[in-house]
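Below: the structure, in structure tokens.
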Amino acid sequence: MKNMNKNSESIILFDSISDLDDLDKINSEHTSKIISFDYDTHNILKDKKINHQTSDNYLSKNDLKIIQKTAYSISEWYSSDVISKDISYKGVNLGSLVKAELINILVNYIKKFFELYKISNHFTDSTFIGSQTCCKIMENFSKKIIKFKNSNTENFQPIPLDSIKIKMKIGTKNHSMEFGISNNLFKKLKSVSEKSSKFLLSKNNSIRESSKNILIIEFDPIKYQSFFEQMPKSNLNFLMYNQRRPAIWNIQSYNLIKKSGCLIQTKNSLSNANLIKTISNGKFQFEAKMTDLFSNESFFKSFFSIQGISFWPTFKEYFQEFFRKRALEFIEEIELAKKLMEKYHFSSILILSEVGSNERIALQLAHQKQIPVCLLQHGAIYDTTGGYDMNVAQGAIPLKSDHYLCWGKITEEYSKNLGIKSEKIHSVGSPIFDRVKFDEQNSSKNDYVLLATSGPTQEDASDLTVEIIEKNMDAIKKVCYLATKYNKKLIIKTHPSPDELDPSFIAKQINSKIKVIKEGKISPLIQSCELLITIDFTTVILDAYILGKPVISLTVKDNQWGIPTAFKNNSCLVTDLEKFNDDLKNILNNEDFKNQLIINGVKSSKEYLSNQNNGSKKLIRFLEELV
């Protein structure tokens with residue numbers, strides 16, 4: 001943390017670009033210290049050459065860890081005996097269903113709250129000028145507060161899932177455009193898609209009375225192509241229930257589902273007049289309980305706190321609105337899921353995460369009906385002690401599931417070390433890698449260097465800092481610059497997350513020939529590359545191991561979650577911005593070193609992934625034999 005002297009000057013708390021005019025006016029009239037609160041406000045002040053500090057400077061790395069741990073802890077508010085009975089609906093804890101989204105909200109809010117607390121301690125005699133949100137929080141710590149003249153509304157982030165822009169692409173392969181649509185519009189388009197798909201598939205996909213029924217939730221048929229291709233070869237009936245993603249959105253997904261025989265279940269296929277009435281009554285009854293829930297002021301004031309400082313008084317209005325909105329939505333989801341489980345007798349349920357709201361509904365309803373739930377590992381995890389809380393927050397650890405279908409030895413051993421019973425853990429491999437195979441013809445092309453980005457997230461306190469955001473962009477710039485310097489063609493493949501940084505503007509500044517790809521599978525790109533470069537730890541490292549490609553991991557976050565196995569077993573080259581140039585030259589020019597790295601990667605892939613190219617068959621066999 002930087003040294004800062006206390007003084008009596010006015011402090012401008014700049015956390016919204018909409019307050020820029022007010023800031024300019026105040027700053028021209030007074031000599032003030034300006035503190036920006038996020039990358040956007042920092043960047044605009046930097047561009048305007050306005051001297052300022054960032055709020056991050058008032059937090060130590062340990063403070064960021066405290067913020068993260070506090071957010072994880074508070075996100076489980078629903079488990080307290082004091083209020084759990086008030087948030088139960090037909091045996092489902094409604095509070096548990098907002099956990100994933102709440103972590104996002106809490107990390108952002110607590111970071112700002114704690115920063116303002118720290119700032120108030122540094123400038124005890126100062127007058128603070130800021131937005132309504134900043135002033136509202138700062139009232140906890142100071143009486144000398146002035147609100148920006150035009151700041152009349154809260155500027156804390158809107159509800160994450162409502163405000164996120166979902167990427168859509170229209171057009172042909174060579175002539176297309178990508179744009180973002182709101183979550184509400186996405187849901188309407190999804191409903192239209194489901195009505196059409198029901199008509200198209202009704203004659204082809206049906207239930208065989210003598211077979212077991214398996215419910216699969218929130219699956220992407222293209223990502224799990226091998227799994228869907230194996231379905232007709234089994235003696236199982238598969239029913240897919242996707243509420244957050246459409247089951248069918250293009251020709252490929254339609255053909256996969258049609259040929260698989262998988263039966264799609266949707267809101268349209270389950271809803272009727274009686275269910276609509278039940279949902280309406282349920283919402284009415286729960287709204288009456290909401291007042292009792294939030295009347296327990298002492299619990300919320302004590303629980304929603306950091307380092308003994310409660311932020312509930314300034315957070316409760318936002319939280320109550322957020323929870324009320326989500327709770328009423330979840331009542332509908334619970335009734336739909338109940339109807340689905342009454343309509344069919346399921347032998348087991350397959351989920352990819354324990355943290356998604358629909359998965360949590362399924363888990364709690366399934367336990368009531370004694371239906372076994374299987375958690376299928378969906379991505380590489382940090383097999384570290386430090387990564388435990390993050391893994392739990394991402395729903396990657398089987399805390400509630402009856403069976404954990406993990407990829408291989410590394411995750412199996414990690415799970416056992418966490419105390420998960422060995423009879424609950426099954427190494428089946430992974431369907432997503434079944435089609436990832438070494439192809440000598442394409443693997444020998446070595447046409448380009450491939451950079452796989454995985455930018456800062458909104459759920460990590462460190463990722464919200466200007467330092468990490470700029471370090472991430474500096475990493476991309478460095479790769480672009482050195483690839484150009486060494487006359488290497490470069491392709492950048494972005495992570496599919498909706499809020500992922502688009503590096504196109506960075507690439508164009510350095511070399512207009514650099515290609516940025518934002519969609520599709522990454523394995524075909526890895527197949528033809530000379531070298532894969534990743535930012536930090538990511539699942540695509542395993543793709544490269546299987547495909548016999550060398551990997552450089554460029555560290556941005558300083559291994560804050562610990563060091564995963566892939567970074568300790570010499571299977572990839574871990575470097576940083578300072579060493580990257582030398583390491584890149586070494587891997588490009590030293591064939592012996594590169595080949596040894598590939599050998600180590602292939603060996604590591606076998607530790608990470610059992611039943612390579614056979615994961616779908618192993619998974620289906622497990623489901624067939626599960627009683």
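Small disclaimer: the values here were computed from a predicted structure and weren't measured. Only heavy atoms go into these numbers, but all of them, side chains included; no hydrogens, no water, no symmetry mates.
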Under 3.5 Å, is there a donor-acceptor pair between the side chain of [X] and the main chain of [Y]?
X: D543; Y: S523; result: no
X: S571; Y: A566; result: yes
X: Q612; Y: S605; result: yes
X: S512; Y: K508; result: no
X: S604; Y: N600; result: no
X: D19; Y: D22; result: no
X: T565; Y: D383; result: no
X: N391; Y: A396; result: no
X: Q527; Y: K437; result: yes
X: Q68; Y: A461; result: yes

Tell me whether [X] is salt-bridged to [Y], with the criterion being a basic N under 4.0 Å from an acidic carboxylate O.
X: K118; Y: D63; answer: yes
X: E530; Y: K549; answer: no
X: K325; Y: E329; answer: yes
X: D463; Y: K557; answer: yes
X: E354; Y: R360; answer: no
X: K112; Y: E115; answer: no
X: K111; Y: D56; answer: yes

[X] atom [atom1], neighbour heavy-atom count above 12 within 6.0 Å:
X: K46; atom1: NZ; result: no
X: E467; atom1: CD; result: no
X: Y388; atom1: OH; result: no
X: K568; atom1: NZ; result: yes
X: F593; atom1: CZ; result: yes
X: N589; atom1: CG; result: yes

Report yes if the side chains of [X] and [Y] come closer than 4.5 Å at any heavy-atom pair, otherwise no.
X: I12; Y: F148; result: yes
X: K489; Y: V449; result: no
X: P503; Y: M473; result: no

Could you label the plane-to-plane angle of the [X] and [Y] rings as parallel, tilted or perpendicular, counting under 30° as parallel and over 60° as perpendicular?
X: F537; Y: F567; answer: perpendicular
X: F322; Y: Y318; answer: parallel
X: F433; Y: W407; answer: perpendicular
X: F219; Y: F227; answer: tilted

What pairs with A71 under side chain to side chain contact (heavy atoms under 4.5 Å, CB included), at least two apart in sequence or on another chain?
->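 Counting only residues at least two positions away or on another chain, A71 forms a side chain to side chain contact (heavy atoms under 4.5 Å, CB included) with L106, V107, I110.
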T133/S131 under side chain to side chain donor-acceptor pair (under 3.5 Å): CA gap, chis, key distance, verdict | CA-CA 5 Å; T133 298; S131 67; 4.6 Å; no
Could you go through residues 577-585 and list every donor-acceptor pair under 3.5 Å that involves a side-chain atom there, pairing it with any protein atom two or more places apart or in another chain?
{"residue": "N581", "atom": "OD1", "partner": "Y486", "partner atom": "OH", "Å": "2.5"}
{"residue": "D583", "atom": "OD2", "partner": "T575", "partner atom": "OG1", "Å": "2.7"}

Checking side-chain contact (heavy atoms from CB on, under 4.5 Å) for the pair F37/T54: CA distance, chi angles, key distance, verdict?
-> CA-CA 6 Å; F37 278 78; T54 65; over 6 Å; no
Could you give me the CA-CA distance, side-chain angles and deciding distance for N472 and I535, then say whether side-chain contact (heavy atoms from CB on, under 4.5 Å) is met?
-> CA-CA 8 Å; N472 186 76; I535 294 177; 3.7 Å; yes
For the residue pair D460 and Q560, confirm or rule out a side-chain donor-acceptor distance under 3.5 Å.
->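 Their side chains do contain a donor-acceptor pair, which is all the 3.5 Å distance test asks for.
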Residues forming a ring pair (Phe, Tyr, Trp, His ring centres under 6.0 Å) with Y608, sequence neighbours excluded =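 So Y608 forms no ring pair (Phe, Tyr, Trp, His ring centres under 6.0 Å) with any residue.
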Output, in order, the C-alpha distance, side-chain angles, deciding distance and verdict of side chain to side chain donor-acceptor pair (under 3.5 Å) for E470 and Y39.
-> CA-CA 9 Å; E470 290 188 335; Y39 177 76; 5.0 Å; no
